[in-house]
Amino acid sequence: MSSRPVVTRFAPSPTGFLHIGGARTALFNFLYARHTGGKFLLRVEDTDRERSTPEAVAAIFEGLNWLGVTADAEPVFQHQRADRHRAAVEDLLAAGKAYRCYLTIEELEKAREIARAEGRAIRSPWRDQTPSDPSAPHVVRFKGPLTGETVLQDLIRGEIRFQNIDLDDLVLLRADGAPTYNLAVVVDDHDMGVTHIIRGDDHINNAARQTLIYQAFGWEVPAMAHLPLIHGPDGAKLSKRHGAQAVGEFADMGYLPEAMRNYLARLGWGHGDSEIFSDSEAQAWFEVADVVKSPARLDWQKLGFINHHYIQAADNGRLADLVGTVLQARGEALAEPLRQRLPELIGCLKEGAKTTLELADALSFLLKRRPFALDAKTTSLLTDETRARLSRLRETLADVVFERASLEVAIRSFAEAEGVGIGKFGPALRGVLSGGAPAPDLATTLFTLGKTEALARLADAL
RNA sequence: GCGCCCUUCGUCUAUCGGUUAGGACACCAGAUUUUCAUUCUGGGAAGAGGAGUUCGAUUCUCCUAGGGCGUACCA
C-alpha cells in the first residue's frame with residue numbers, strides 16, 4: 001500500500017449518542033495508530049445539516065473522552081469543508097467523470113422501481129445527455145464505469161469483488177449544492193492523509209464506490225478494514241431492550257473506562273489466550289489483521305467479570321469519588337466521618353463488587369441511621385439466649401481495639417470462651433449491625449462501622 | 001429482487017491440512033465458610049448441512065440453509 005506513517009480516523013455522524021459499536025471502532029482506530037506510532041484523527045461527518053445536532057457532537061466527544069480514546073489533533077467538521085468538496089466535484093465534472101442529473105424525485109422513484117424489478121442498479125439517462133437548460137435544478141452524479149470490476153483488499157476479510165455494473169452512480173452534490181457523504185469522505189480522507197480506514201462493515205458496499213471515486217481523482221486508495229458489528233446478547237442488532245447502547249449508559253451503570261477498553265478490545269479481537277490486558281499491551285499487540293470477521297454479541301457477564309477485575313485493581317481514592325457520585329445521584333448523604341474514611345472503607349468492601357453501583361450497595365449498611373428497625377430474619381434469630389450472648393460480646397468488644405485483625409481474634413476467642421461456634425451468634429450479630437442489609441465478614445463489618453457506632457447499634461438491639 | 005459479508009462449546013475466542021479441537025466468561029458438582037459474595041478443586045459443553053480437493057479436513061473450493069449489511073439528493 002504505502003510507506004507513509006499511519007493515519008487512522010474515527011468519523012462519526014452526529015445524529016445521536018456514541019454507540020458502543022462506534023466506540024469500539026474508535027478504539028480499534030486508536031489502538032492501531034498507537035501500535036504503529038501513527039496518528040489518530042477525529043472527523044465529524046455532519047454533511048447532513050438537517051440531522052446533525054450540536055448535542056450529539058458533544059455527546060460523542062464526551063463518550064470518547066470518557067473512554068480515553070482521544071484524537072491526536074483537533075477534530076475536523078466536514079460541513080466546514082463544503083467549498084473544497086464542491087471544487088473537487090468541479091474537477092470531476094471537467095474530467096468527464098461526473099455529470100449533472102436532471103431527474104426529478106418522481107422520475108427517480110419510478111426509475112428505481114424499474115431497476116429494482118429488473119434486479120439491477122439504477123442508471124440515470126442524463127449520463128450521456130446534455131440538457132436544453134443546464135441551469136435547471138439538478139444534482140451531480142458520479143459517472144461510474146459500466147464494465148469491469150472493483151476489487152477491495154480488505155485487511156480483515158481479504159479480497160472482496162464487485163461488478164461495476166452493480167454499483168450505481170451515486171450523488172456527489174445535492175440539488176442545493178451540498179456535498180454528500182460519499183464524496184466528502186473520499187476528499188477528506190485524502191486531504192487528511194488517512195492511510196487506514198477502519199470502520200463498520202455496514203460500509204463495505206460504499207467502499208467499492210468510494211474506491212472508484214479515488215481512482216477518478218487519481219488518488220491512492222487507503223487500506224481498508226471493515227469491522228463486524230456488535231449485536232445484543234440474543235444476536236439481534238443492539239437496541240434499547242438490550243440494556244444499553246450508548247457508552248454514557250455504561251458509565252452510568254458503574255463500569256470503568258479501562259474495563260470497557262479491555263472488554264471492547266477483546267470483543268472481536270484477541271491475542272492468544274490473553275483476556276485481561278493493559279492499555280500498553282493492547283497497543284503493542286493490536287493488529288488489524290487479527291480482528292475477527294464475524295459479529296460478536298455483547299455479554300454482560302463477561303463485561304462484569306472484567307469490570308470486577310479492574311475495580312479490584314483501582315485506586316480506592318478514585319473509587320471513592322465514583323461512589324460518592326453514585327450516592328449523590330441516589331440522594332444518599334454521606335456523614336462527614338464516613339466521607340473521610342470512604343477510600344479506606346472501599347478498600348475493605350470492594351471485594352465482590354462488579355460495578356461501582358454494587359460498590360455503593362456494599363456501603364449501604366454503613367449509611368443506616370440509628371436507631372433502625374431490624375429485619376424479620378434477624379429478629380427471629382434474637383432468642384433470649386442469643387441476646388444474652390451478644391450482650392456479653394458487647395462488653396468484650398468494648399475493650400477491643402477496633403482493627404480488623406484484633407477484631408477477628410476477639411470474635412474467635414469469644415466463641416471459644418462461650419464454647420460455641422461462630423455460627424451460633426454470627427448471623428444474629430451481623431443482622432443487628434447491618435439491620436439486614438448485606439454486610440461483609442464480621443470483623444470487617446465491625447471495623448468499618450467503627451467502635452462507637454458498632455457498640456451503639458448493638459445496644460439498640462439488645 | 002439484486003449485490004456484498006458472516007457461520008468452532010450458551011457467549012467471547014484459539015487453531016492458520018495431521019491436536020484427546022485449547023483458553024476465558026457463564027453453568028453444574030464438591031471444598032472452605034459468620035449471610036451474600038469471594039476463593040479453591042473438579043465436570044459437562046463446539047466445528048450449520050451437503051458435495052468435492054487431499055493419504056488426511058474445523059482449516060481449501062462449491063452448493064444449500066440461517067443471520068447481517070447495502071441497494072437514499074442518510075451517514
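All values below come from the heavy atoms of this structure, side chains included, with hydrogens, waters and symmetry mates left out. Order of the sequence lines sets the chain letters (A, B, ...), proteins ahead of strands, with each chain counted from 1.
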Length of the line joining A:His309:NE2 and B:U39:P, which is rounded to integer Å: 12 Å
Atom pair distance, as rounded to whole Å: CZ in A:Phe286 and P in B:U13: 13 Å
Verdict with reasoning, A:Glu149 to A:Val151, per side chain to side chain contact (heavy atoms under 4.5 Å, CB included): CA-CA 6 Å; A:Glu149 60 180 12; A:Val151 182; 4.0 Å; yes
Atom C1', compared across B:G22 and B:A14: separation rounded to whole Å: 6 Å
Sugar-phosphate, base or nothing in reach of A:Gly200, heavy atoms under 4.0 Å: nothing
Spacing between A:Phe162 atom CZ and B:G3 atom C1', to the nearest angstrom: 7 Å
Parallel, tilted or perpendicular, as decided by the 30° and 60° cut-offs, for the rings of A:Phe40 and A:Phe30: perpendicular
Sort me out a list of protein N/O and nucleotides 18-25 of chain B N/O pairs below 3.5 Å, or just none if empty.
| from | atom 1 | to | atom 2 | distance (Å) |
| --- | --- | --- | --- | --- |
| B:G22 | N2 | A:Asp273 | OD1 | 3.3 |
| B:G23 | N2 | A:Glu275 | OE2 | 2.9 |
| B:A24 | N3 | A:Lys302 | NZ | 3.4 |
| B:C25 | O2' | A:Lys302 | N | 3.3 |

Interatomic distance at P, B:A45 relative to B:G23, whole Å: 13 Å
Pairwise P distance, B:A57 and B:G52 [rounded to whole Å]: 11 Å
Pairwise 5' ranking along RNA chain B for A:Ala115 and A:Gly270, keeping only the more 5' one: A:Ala115
Contact letters for nucleotides 28-38 of chain B, in which S counts primed atoms plus P, OP1 and OP2 and B counts the base, heavy atoms under 4.0 Å: ------BB-BS
Near-ring test A:His196/A:Tyr32, centroid separation under 6.0 angstrom: yes
Salt bridge A:Arg84-A:Asp188, side-chain N to carboxylate O under 4.0 Å: no
Quick one: side chains of residues 283-291 of chain A, donor-acceptor pairs under 3.5 Å with protein atoms, not counting sequence neighbours, listed by atom name and distance.
| from | atom 1 | to | atom 2 | distance (Å) |
| --- | --- | --- | --- | --- |
| A:Glu287 | OE2 | A:His35 | NE2 | 2.8 |

Pairing partner of B:C27 (Watson-Crick or G-U wobble, both distances under 3.5 Å): B:G43
Note: A:Arg81-A:Asp191 ion pair, threshold 4.0 Å (strictly below): yes
Touch class at under 4.0 angstrom, heavy-atom based, for A:Val292 against every strand present: sugar-phosphate
Backbone of A:Asp168 reached by a side-chain donor or acceptor of A:Arg123 within 3.5 Å: no
Nucleotide forming a Watson-Crick or wobble pair with B:G1, both distances under 3.5 Å: B:U71
Any pair counted as side chain to side chain donor-acceptor pair (under 3.5 Å), so long as it reaches residues 416-426 of chain A, sequence neighbours left out: A:Arg389-A:Glu418, A:Arg392-A:Glu418
Nucleotide-resolved protein contact map, nucleotides 59-74 of chain B, B/S/- at heavy-atom distance under 4.0 Å: ----------BSBSBB
Distance between C1' atoms of B:C28 and B:U20 (Å, rounded): 22 Å
Whole-angstrom distance between B:C60 and B:A24, as gauged at atom P: 27 Å
Opposite nucleotide pairing with B:C36, Watson-Crick or G-U, both atom distances under 3.5 Å: none
Aromatic ring pairing A:Phe77/A:His79, orientation class (parallel under 30°, perpendicular over 60°, tilted between): perpendicular
A:Asp166 CG to B:G1 P, straight-line distance once rounded to whole Å: 15 Å
Atom pair distance, as rounded to whole Å: NE2 in A:His85 and P in B:A75: 11 Å
Salt-bridge present (A:Arg412, A:Glu408; N to O < 4.0 Å): yes
Interatomic distance at C1', B:C9 relative to B:C27, whole Å: 12 Å
Within 6.0 Å of NZ in A:Lys368, more than 12 heavy atoms from elsewhere: yes
Face-on cation placement of A:Lys302 at A:Phe305 ring, 6.0 Å and 45° thresholds: no
By ring pair (Phe, Tyr, Trp, His ring centres under 6.0 Å) - contacts of A:Tyr181 (at least two apart): A:His203
Sugar-phosphate, base or nothing in reach of A:Phe425, heavy atoms under 4.0 Å: nothing
Whole-Å distance separating the CZ atom of A:Arg43 from the C1' atom of B:A75: 11 Å
Nearest-0.5 Å distance, CG of residue A:Leu462 to CG of residue A:Leu390: 5.5 Å
Protein-nucleotide distance (A:Lys293, atom NZ; B:U13, atom P), rounded to Å: 13 Å
Under 3.5 Å on both distances, the Watson-Crick or G-U partner of B:U53: none
Euclidean distance for C1', B:U15 against B:C2 (whole angstrom): 36 Å
Any-strand Watson-Crick or G-U partner of B:U7, both distances under 3.5 Å: B:A65
Rounded distance in Å between the C1' positions of B:U61 and B:A21: 23 Å
Euclidean distance, atom CZ of residue A:Arg9 to atom C1' of B:A75 [Å, nearest integer]: 11 Å
